[in-house]
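As the structure is a prediction and not an experimental result, all values here were calculated from the model.
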Amino acid sequence: MSLDLFVMNGSVIDPQECEIYEANIGVADGKIVYVGSDVIEEVEILIDAKGLYVSPGFIDTHMHNENSAENEVEKALLLQGVTTAIAGNCGVGPIISEELLQRPRYLRLGFFTGHQVLREKVGLNNHYMPASASSIEAMVEILKQELSKGSFGLSLGLEYVPGTSYEEMCKLAKVVAQYDKRWVSMHMRYDGEKSLEGVKEAISLAKDCGVRVQISHLASMASFGCIREALKLIEEAKAYVDVTFDSYPYKAFCTQIGSAVFDPGFEKRWKKGFSYLQVASGKYRGKKLTQELYIKLRKEEPDTLIIAHVMDGEEVKAALKHSDCIIASDAVLKNGQGHPRVCGTFPRAFKILLREGFSWPEAIRKATYLPAKASFFEDRGNIKEEYKADLVIFNPKKLRDCATFKDPLISPKGIEYVILGGKIAVQKGTVLQPHGEVILRN
């Protein structure tokens with residue numbers, strides 16, 4: 001047997017069975033072709049993983065890389081161990097184009113079709129206005145085209161587009177249900193105390209349209225005294241509908257100041273005011289938001305990112321610990337600036353889970369097996385023969401996040417190699433040549 005890559009002496013993590021075992025891994029033509037105890041000498045690249053853990057590549061089902069020509073988000077996620085990701089969440093997924101397909105990629109990257117983008121394509125730019133019947137039908141036709149091109153489904157950003165009627169999103173979701181292995185990613189309509197209404201709406205959409213719905217960053221929406229009831233609602237609904245959810249391990253979220261999220265009255269929803277808000281991009285980066293700066297940025301620089309330190313940390317932890325929780329970054333940058341989740345989500349989540357008594361396989365499961373299952377990926381999320389040769393080789397004693405709110409772009413430590421398609425993509429903290437691709441779902 002001739003191999004392109006051979007990883008020997010590693011402790012292999014099986015996130016499906018939640019166990020660790022010693023094995024060697026052989027790779028050829030981008031796939032895992034051998035898992036066992038034999039030593040194969042005819043190899044092009046040999047990695048000795050003695051003392052290290054070997055995990056399937058992490059799968060990030062909720063990130064943003066719609067407009068970044070520099071691919072900085074992809075590189076940041078790759079350095080965390082992410083090998084597959086899905087962009088275009090929160091309603092802003094792009095129209096699939098040749099430019100989108102031809103750009104060099106550092107990850108295996110799929111895209112949702114964004115509801116907000118569909119609205120804009122039919123001339124509906126007012127986020128507070130309901131769509132007419134004719135506009136909805138026009139959106140339906142565009143969505144069908146995008147799904148035929150390979151879109152992973154529909155992303156909704158209901159909190160950003162308050163004018164969306166239930167009928168509007170239901171007609172679009174029913175289109176998604178007609179296509180194999182597609183689903184709806186939903187940024188719910190409400191955060192704060194009304195978040196439970198948003199969870200119920202997501203469950204209703206899944207039931208009424210016969211489609212899988214993944215509730216986006218549940219902790220950032222419901223960690224205001226509501227997370228346990230939100231989790232209970234999802235648990236009860238799973239008996240009759242297909243609902244999943246993801247979360248990231250921070251008690252602060254990040255989004256644009258010009259969005260409806262920051263419409264006047266936000267302090268009442270979160271019971272926290274300007275002193276908890278931090279400018280994350282632009283010339284005022286790092287400053288606390290004030291009433292005056294809020295008015296100025298909303299008017300003059302509405303795309304400015306704001307970090308809101310408003311969530312309950314124990315509730316965020318409760319969401320992460322739930323057996324069905326998928327770890328996802330919601331990574332986004334603006335001109336290289338943003339939230340530390342873009343560089344720290346996965347090692348930080350693992351650290352929290354380990355402190356809460358989870359084993360390594362139980363923690364890794366939330367970044368591999370669970371998101372693979374939720375995303376209909378049948379060839380990744382575990383280390384098995386014929387699976388994609390996407391691997392993360394890390395030191396369990398040294399793996400930790402380093403990104404902070406002051407310095408959000410510091411990469412984690414402890415990851416020795418990231419293998420993408422059998423090729424070394426990251427070596428000891430350095431990103432090598434791009435080996436990624438755009439994934440089109442057929």
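Both tests do not hold together for Arg298 against Phe262: distance to the six-membered ring centre under 6.0 Å, angle to the ring axis within 45°. Both cation-pi conditions hold for Lys272 and Tyr276: the charged atom is under 6.0 angstrom from the six-membered ring centre and inside a 45 degree cone around its axis. With Phe377 as the aromatic partner, Arg441 meets the cation-pi criteria of under 6.0 angstrom to the ring centre and within 45 degrees of the ring axis.
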Apply salt bridge (Lys or Arg N to Asp or Glu O under 4.0 Å) to Arg119 and Glu168, showing your working. CA-CA 11 Å; Arg119 277 179 148 239; Glu168 178 180 345; 2.9 Å; yes

Could you please spell out the steps behind the side chain to side chain contact (heavy atoms under 4.5 Å, CB included) verdict for Lys171 and Glu137? CA-CA 9 Å; Lys171 286 195 173 182; Glu137 288 308 311; 3.9 Å; yes

Output, in order, the C-alpha distance, side-chain angles, deciding distance and verdict of side chain to side chain donor-acceptor pair (under 3.5 Å) for Tyr250 and Ser220. CA-CA 8 Å; Tyr250 295 87; Ser220 71; over 6 Å; no

Let me see the working for Ile327 and Asp246 under side chain to side chain contact (heavy atoms under 4.5 Å, CB included), right down to the final yes or no. CA-CA 6 Å; Ile327 298 169; Asp246 59 70; over 6 Å; no

Can you list the steps and then say if Phe111 with Phe152 is a side chain to side chain contact (heavy atoms under 4.5 Å, CB included)? CA-CA 6 Å; Phe111 287 93; Phe152 272 61; 6.0 Å; no

Please step through side chain to side chain donor-acceptor pair (under 3.5 Å) for the pair Asn65 and Glu74, ending with a clear verdict. CA-CA 7 Å; Asn65 194 32; Glu74 291 181 39; 2.5 Å; yes

Decide side chain to side chain contact (heavy atoms under 4.5 Å, CB included) for Lys413 and Cys402; before the verdict, give the C-alpha distance in whole Å, the side-chain angles of both, and the deciding distance to 0.1 Å. CA-CA 7 Å; Lys413 292 184 177 180; Cys402 301; 3.7 Å; yes

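The shortest distance between side-chain heavy atoms of Lys194 and Arg189 does not fall below 4.5 Å. Between Asp191 and Arg269, the closest side-chain pair of non-hydrogen atoms falls below 4.5 Å. Using a 4.5 Å cut-off on side-chain heavy atoms (C-beta onward), Ser135 and Met129 make no contact. Annotation: side chain of Asn71 is not in contact with side chain of Pro434 (no heavy-atom distance under 4.5 Å). With contacts defined as side-chain heavy-atom distances shorter than 4.5 Å, the pair Phe274/Gln291 qualifies. Between Glu197 and Lys200 there is no side-chain heavy-atom pair separated by less than 4.5 Å. In this structure, Lys149 and Leu440 have side chains that are not in contact, with every pair of non-hydrogen atoms separated by 4.5 Å or more. Contact check for Leu277 versus Phe266: side-chain heavy atoms found under the 4.5 Å cut-off.
Evaluated for a salt bridge (Lys or Arg N to Asp or Glu O under 4.0 Å) with Asp242, the options Arg212, Arg182, Lys207 yield exactly one hit, Arg212. A ring-ring contact (aromatic ring centres under 6.0 Å, His included) with Phe394 is found for one member of Trp360, Phe58, Tyr417, Phe350 and no other, namely Trp360.
Side-chain atoms of Gln178 and Lys144 include no donor-acceptor pair closer than 3.5 Å. There is no side-chain donor-acceptor pair under 3.5 Å between Asn395 and Glu416. In the model, Glu22 has a side-chain atom that pairs as donor or acceptor with a side-chain atom of Ser11 under 3.5 Å. Side chains of Gln214 and Thr61: a donor-acceptor N/O pair is present below 3.5 angstrom, by distance only.
In summary, the aromatic rings of His187 and Tyr160 are positioned with their centroids under 6.0 Å apart.
Residues that satisfy the side-chain contact (heavy atoms from CB on, under 4.5 Å) test with Ile234, not counting sequence neighbours, are Val199, Ile215, Leu218, Lys238, Val243, Phe245. Under the ring-ring contact (aromatic ring centres under 6.0 Å, His included) criterion, Tyr166 pairs with no residue at all, not counting sequence neighbours.
Salt-bridge formation is not detected for the pair Lys232/Glu235: no Lys NZ or Arg NE/NH1/NH2 atom is positioned less than 4.0 Å from an Asp or Glu carboxylate oxygen. A salt bridge does not link Arg105 with Glu437: none of the charged nitrogens is closer than 4.0 Å to a carboxylate oxygen. With respect to Lys31 and Glu385, no salt bridge is recorded, no charged nitrogen being found less than 4.0 Å from a carboxylate O. The residues Arg365 and Glu362 are annotated as not salt-bridged, no charged nitrogen and carboxylate oxygen being separated by less than 4.0 angstrom. A salt bridge does not link Lys271 to Glu267: none of the charged nitrogens lies less than 4.0 Å from a carboxylate oxygen.
Lys174 NZ to Leu154 CG: the interatomic distance, rounded to the nearest 0.5 Å, is 14.0 Å. One finds the CG atom of Asp303 at 10.0 Å from the OG1 atom of Thr255 (value rounded to the nearest 0.5 Å). Annotation: the span from Ile364 atom CD1 to Cys18 atom SG amounts to 10.5 Å, rounded to 0.5 Å. Once rounded to the nearest 0.5 Å, the distance linking CD of Glu201 with OG1 of Thr164 reads 9.0 Å. For the atom pair CG (Leu118) and CD1 (Ile95), the distance works out to 6.0 Å, reported to the nearest 0.5 Å. Atom-to-atom distance recorded for Arg400:CZ and Lys351:NZ is 8.0 Å, nearest 0.5 angstrom.
Here the side chain of Ser185 pairs no donor or acceptor atom with the backbone of Ser155 at under 3.5 angstrom. Side chain of Lys366 to backbone of Leu320: a donor-acceptor contact under 3.5 angstrom is found. In this structure a side-chain-to-backbone donor-acceptor pair under 3.5 Å is present from Glu315 to Ile227. The backbone N or O of Leu305 lies less than 3.5 Å from a partner atom in the side chain of Ser281, making a donor-acceptor pair. Not one N or O on the side chain of Ser375 forms a donor-acceptor pair closer than 3.5 Å with the backbone of Ala372. A donor-acceptor contact shorter than 3.5 Å is absent between the side chain of Asp401 and the backbone of Pro412. In this structure a side-chain-to-backbone donor-acceptor pair under 3.5 Å is present from Gln80 to Thr345. At least one donor-acceptor pair closer than 3.5 Å links the side chain of Asp312 to the backbone N or O of Glu314.
Closest non-hydrogen pair, Gly422 versus Val27, comes out as CA-CG1, 3.6 Å. Across all non-hydrogen atoms, the minimal contact from Ile383 to Ser55 is CD1-C, 3.7 Å.
Phe376 and Trp183 have tilted rings, their planes meeting at an angle from 30° to 60° on a 0 to 90° scale.
When the shell of 6.0 Å around CG of Asn442 is examined, it contains 12 or fewer heavy atoms from other residues, nucleotides or ligands.
Within the structure, the side-chain hydrogen bond (donor to acceptor under 3.5 Å, both in side chains) test picks out the following pairs touching residues 325-341 (sequence neighbours left out): Asp60-Ser329, His62-Asp330, His64-Asp330, Tyr248-Arg341, Asp330-Arg341.
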